[in-house]
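Working notes for the structure below.
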Amino acid sequence: MGDPLDMSGRVVIVTGGCRGIGRGITTRFLGAGADVVVCCRHRPEEALASGGREAAFVEADVREVDQIDSVVSYTTDRFGRLDVLVNNAGGAPAAPAATASPRFSASIINLNLVAPLNFAQRANAVMQEHPDGGSIVNIASVSGVRPSPGAAAYGAAKAGLLNLTQTLAVEWAPKVRVNAVTAGLIRTEQAHLWYGDEAGVAAVGATVPLGRMGEPDDVAAVCLFLASPLAGYLSGSNVIAHGGGERPAYLDAARPT
């Protein structure tokens with residue numbers, strides 16, 4: 001029996017795969033032997049490589065359907081197939097709900113919910129024609145399953161992404177499996193925007209039961225599992241990768257007298 005995590009011969013698209021969690025996902029699949037196509041709005045400063053393999057890059061904005069089509073066409077023209085889509089592109093700057101403009105809110109929902117739906121739709125059309133079907137993994141966030149002050153539109157979009165995952169898993173079965181990874185507090189290049197300096201990052205990490213913030217590879221490992229035969233009976237699932245969650249505030253507020 002071969003290694004079920006060996007992705008040799010498999011073709012993977014990772015949206016937003018140039019940095020942060022996306023870069024970790026790209027590196028993990030390359031290391032597992034996959035051919036990886038990364039799409040981002042800007043070319044990375046250095047090549048995305050691991051295990052002697054280098055990802056192909058397509059400049060694209062996932063909010064534009066014609067550019068999604070270009071990424072999928074490039075992938076099938078070059079590799080002849082598409083086995084896995086990881087819908088990772090997303091994010092949002094902090095913005096108070098009381099003053100966020102309608103245009104801002106719409107753009108956040110478009111990036112974090114509508115774009116993954118459109119990309120999944122295009123990928124599914126290819127996967128349904130392949131004898132082996134395919135796997136779609138949506139990167140969600142704890143912002144979608146608990147209050148997220150300063151990120152109302154983002155949290156709502158990620159909550160919608162979880163429902164979308166369940167719905168597509170039903171509509172596109174049995175050929176295509178659709179799952180989600182709900183990422184917790186992950187340390188990326190932009191962690192300082194939310195948590196401040198190293199002391200702030202350490203303080204936030206201390207609130208996580210496992211004692212640290214997650215790393216991009218923690219999320220990437222779950223993505224590889226969900227795309228592998230080991231997860232062959234998982235579809236419509238949400239794997240929560242958050243180190244045990246966040247310590248409830250009442251534990252510190254209700255001290256024994």
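Remember, it's a predicted structure, so these values are computed and weren't measured experimentally.
Side-chain polar atoms of N138 and T165 form a donor-acceptor pair below 3.5 angstrom. R10 and S8 share no side-chain donor-acceptor pair at under 3.5 Å.
Side-chain atoms of S148 come within 3.5 Å of backbone N or O of R146 as a donor-acceptor pair. A donor-acceptor pair under 3.5 Å links the side-chain atoms of T76 to the main chain of S73, judged by distance alone. Judged by distance alone, the side chain of S235 and the main-chain N or O of V178 form a donor-acceptor pair under 3.5 Å. Counting only distance, with no hydrogens or angles, the side chain of R177 and the backbone of L234 share a donor-acceptor pair below 3.5 Å. A distance-only check finds no donor-acceptor pair linking the side chain of T27 to the backbone of S50 [under 3.5 Å]. In this structure, T99 contributes its side chain and A95 its backbone to no donor-acceptor pair below 3.5 Å. Using modelled atom types, one side-chain atom of S228 and one backbone atom of F225 make a donor-acceptor pair closer than 3.5 Å. Within the 3.5 Å criterion, the main-chain N or O of V11 finds a donor-acceptor partner in the side chain of D83.
Remark: L85 CG to M127 CE distance equals 5.5 Å, nearest 0.5 Å. Considering OG1 of T207 and CE of M213, their distance stands at 8.5 Å, rounded to 0.5 Å. Of the inter-residue distances, the one linking L113 atom CG with Y154 atom OH reads 12.0 Å to the nearest 0.5 angstrom. The CG atom of N179 lies 10.5 Å from the CD atom of Q166; values are rounded to the nearest 0.5 Å. Remark: Q67 CD to F119 CZ distance equals 10.5 Å, nearest 0.5 Å. Here the straight-line distance linking atom CD1 of I21 with atom CZ of R23 works out to 14.0 Å at 0.5 Å rounding.
Counting heavy atoms from C-beta on, the side chains of V36 and V14 come closer than 4.5 Å. At least one side-chain heavy atom of P216 sits under 4.5 Å from a side-chain heavy atom of I186. For the pair I136 and W172, the minimum side-chain heavy-atom distance is below 4.5 Å. Side-chain atoms of Q128 and V176, non-hydrogen and from C-beta on, do get closer than 4.5 Å to each other. Annotation: side chain of V58 is not in contact with side chain of V38 (no heavy-atom distance under 4.5 Å). Looking at heavy atoms from C-beta onward, V84 lies out of side-chain contact with C223 at the 4.5 angstrom threshold. Counting heavy atoms from C-beta outward, L162 and V145 have side chains that approach closer than 4.5 Å. Put simply, the side chain of Y74 reaches to within 4.5 Å of the side chain of V37, judged on heavy atoms.
Here D132 does not pair with K175 in a salt bridge; the nearest charged N to carboxylate O distance is not below 4.0 Å.
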